[in-house]
Amino acid sequence: MKRIPPDDIDMLQHKVLSFYREHGRVYPWRKTTDRYAVMVSEIMLQQTQADRVVGKYLAWMERYPDPASLAASSLKEVLCLWSGLGYNARGERLQRAADIILRDFDGQVPGDPELLMTLPGIGPYTSRSIPVFADNMDIAAVDTNIRRILIVELGLDESTGPKQLMDVARAVLPAGRSREWHNALMDYGALVLTARRTGIRPVTRQSRFEGSRRWYRSRILRDLLEHDGGMTTEEISARYADCPYDLDGLLDELEKDRLIEQEALPDDGGVMVRVRA
DNA sequence: TTCCCGACAG
DNA sequence: CTGTCAGGAA
């Protein structure tokens, strides 16, 4: 891997940390070291702007202050509280993770990245960001913001892979200040070195939302959240007659994502669809 | 139009 | 490794 001059590291650390001291954003999840609270915030923050998460996070922590209360909830209520954040499967996975935490970890969110990786909804980034923000663990976590900063400030190639980025991130991490450092990087990336300003494209991009499969999925799920008894596929088909996609296929995917369940009604009464119990 | 403190399945 | 997942703000 490419060596980074110590002076460059000092420069970067000073620049980013200074900015943070002056202009750092204040968020409720930055005021706690509770690992569960941090886990909730980190999963909500996946692919979602921080400012839009604040209200949802506060409401969630009010209703589900610990893994036990979350595990005991109905999925329907979980999804109602999640509604507006997007990527509904994240909410379902978070609840499933709470269930595993109760069963296998005595109700305590594990602090080891390798254990966290085994939980649904927690991948390479989040498994590291949780110990970073909750426990100030001296490891590097690279998200889209941090990737962009490293590329711009250290003159890396935009094609630099995740492994090399991790090496670089580890090299510039100020020991003992992991939590502050990562928060600082987030804010520097979100407020100064924005994607628009730097022209650095994110690794993964998306097609337009309006009229997309995601758009129909979200509308169907929202309908089901309002209809306690569920809806038949007939009703759904009628409501979305304009849908260019195969509705049964969409429903099957929602079912695979563990968000809904489909039940064949007796006497060929069609198929009842409802939020998974 | 583009992107957001990514994860997961195919 | 590639496509897909939600929704709102800039």
Side-chain angles (χ1 to χ4, degrees), chain A residues 16 20 24-25 27-30 38-57 79-94 96-97 116-134 140-150 159 161-163 165-166 169 178-191 193-222 225 245 249-250 252-260:
Chain A
V16 172
Y20 185 57
R25 300 175 294 182
Y27 290 118
W29 50 85
R30 290 183 172 179
V38 171
M39 177 175 82
V40 170
S41 72
E42 286 304 312
I43 291 182
M44 286 185 171
L45 286 161
Q46 288 168 3
Q47 291 291 286
T48 307
Q49 286 90 338
D51 288 329
R52 284 208 301 122
V53 170
V54 175
K56 298 292 181 182
Y57 168 81
L79 293 178
C80 282
L81 275 160
W82 194 269
S83 181
L85 278 173
Y87 289 155
N88 299 296
R90 287 186 298 163
E92 187 279 331
R93 289 172 192 152
L94 181 50
R96 196 143 39 91
L116 285 166
M117 272 287 283
T118 68
L119 298 174
I122 297 184
Y125 169 73
T126 310
S127 67
R128 308 170 72 80
S129 70
I130 291 173
V132 162
F133 292 120
V142 180
D143 80 314
T144 182
N145 277 310
I146 298 177
R147 167 180 173 272
R148 199 169 53 244
I149 294 173
L150 296 178
S159 64
K163 266 201 161 69
L165 283 173
M166 277 291 300
S178 185
R179 170 167 33 218
E180 178 190 8
W181 174 241
H182 283 86
N183 277 327
L185 284 172
M186 295 297 178
D187 290 357
Y188 193 68
L191 301 175
L193 291 187
T194 61
R196 183 174 298 280
R197 210 172 322 189
T198 61
I200 309 280
R201 330 288 305 182
V203 181
T204 61
R205 305 169 64 177
Q206 284 196 340
S207 49
R208 62 182 296 107
F209 178 57
E210 186 76 24
S212 69
R213 299 171 52 85
R214 302 201 310 285
W215 188 73
Y216 282 100
R217 278 176 52 124
S218 70
R219 293 200 52 185
I220 292 170
L221 186 62
R222 238 179 295 180
L225 286 173
Y245 308 104
L250 289 182
D252 287 343
E253 290 196 350
L254 283 168
E255 185 170 40
K256 269 192 292 186
D257 283 342
R258 302 168 178 255
L259 296 173
I260 68 170

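All values below were derived from every heavy atom in this structure, side-chain atoms included, with hydrogens, water molecules and symmetry-related copies excluded. Source: prediction; values computed, not measured. Convention: sequence-line order gives letters A, B, ...; per-chain numbering from 1.
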Base, sugar-phosphate alone, or nothing: which one does [X] contact when heavy atoms must sit under 4.0 Å apart?
X        : answer
A/Ser207 : nothing
A/Thr126 : sugar-phosphate
A/Ala89  : nothing
A/Arg128 : nothing
A/Arg30  : base
A/Arg93  : sugar-phosphate

Where each residue is assigned the nucleotide of DNA chain B containing its nearest heavy atom, which of A/Leu119 and A/Asn145 is assigned the position nearer the 5′ end?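 First, find each residue's nearest nucleotide; the 5'-ward one identifies A/Asn145.
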
Name the residue closer to the 5' end of DNA chain B, choosing between A/Phe133 and A/Asp257 according to the nucleotide with the nearest heavy atom.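 Residue closer to the 5' terminus by nearest nucleotide: A/Phe133.
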
Opening and closing nucleotides of DNA chain B in contact with chain A, under 4.0 Å to non-hydrogen atoms: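 Going 5' to 3' along DNA chain B, contacts run B/dT1 to B/dG10.
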
Is it the case that the side chains of A/Arg214 and A/Gln206 hold a donor-acceptor pair, with the cut-off being a distance below 3.5 Å and no angle test?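 Side-chain D/A pair, A/Gln206 to A/Arg214: present.
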
Round to the nearest Å and state the distance from [X] atom [atom1] to [N] atom [atom2].
X        : N     : atom1 : atom2 : result
A/Trp215 : C/dG8 : CH2   : C1'   : 15 Å
A/Tyr216 : C/dT4 : OH    : C1'   : 18 Å
A/Ile220 : C/dC5 : CD1   : C1'   : 14 Å
A/Lys163 : C/dC1 : NZ    : C1'   : 13 Å

Is a side-chain N or O of [X] found less than 3.5 angstrom from the main chain of [Y], in a donor-acceptor match?
X        : Y        : result
A/Arg148 : A/Gly189 : yes
A/Arg93  : A/Pro120 : no
A/Asp187 : A/Arg25  : yes
A/Arg213 : A/Leu250 : no
A/His182 : A/Ala141 : yes
A/Ser129 : A/Thr126 : yes
A/Thr48  : A/Gln46  : yes
A/Arg197 : A/Leu191 : yes
A/Thr194 : A/Ala190 : no
A/Arg179 : A/Phe133 : yes

Using OP1 and OP2 only, check whether a side-chain N or O of A/Arg213 sits under 4.0 Å from C/dT4.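 No, no such contact exists.
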
Taking for each residue the nucleotide of DNA chain C with the nearest heavy atom, is it A/Arg214 or A/Arg196 whose nucleotide lies nearer the 5' end?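 Checking each residue's closest nucleotide, the 5'-ward one belongs to A/Arg214.
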
Near DNA chain C, which residues from residues 39-52 of chain A have a heavy atom under 4.0 Å away?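 By residue number: A/Gln47, A/Gln49, A/Arg52.
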
So which of residues 79-87 of chain A are in contact with DNA chain C, with a heavy-atom cut-off of under 4.0 Å?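 Heavy-atom cutoff 4.0 Å gives A/Gly84, A/Leu85, A/Gly86, A/Tyr87.
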
Considering only atom P, compute the distance from B/dC5 to C/dG3 and round it to an integer number of Å.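 Looking at atom P only, B/dC5 and C/dG3 are 24 Å apart.
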
What interatomic distance, in whole Å, is found between P of B/dA7 and the corresponding atom of C/dA9?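 Each nucleotide's P atom is 24 Å from the other's.
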
Shortest non-hydrogen contact from A/Asp257 to A/Glu92?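 Scanning both residues completely, I find the closest heavy atoms to be O-OE1, 4.0 Å.
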
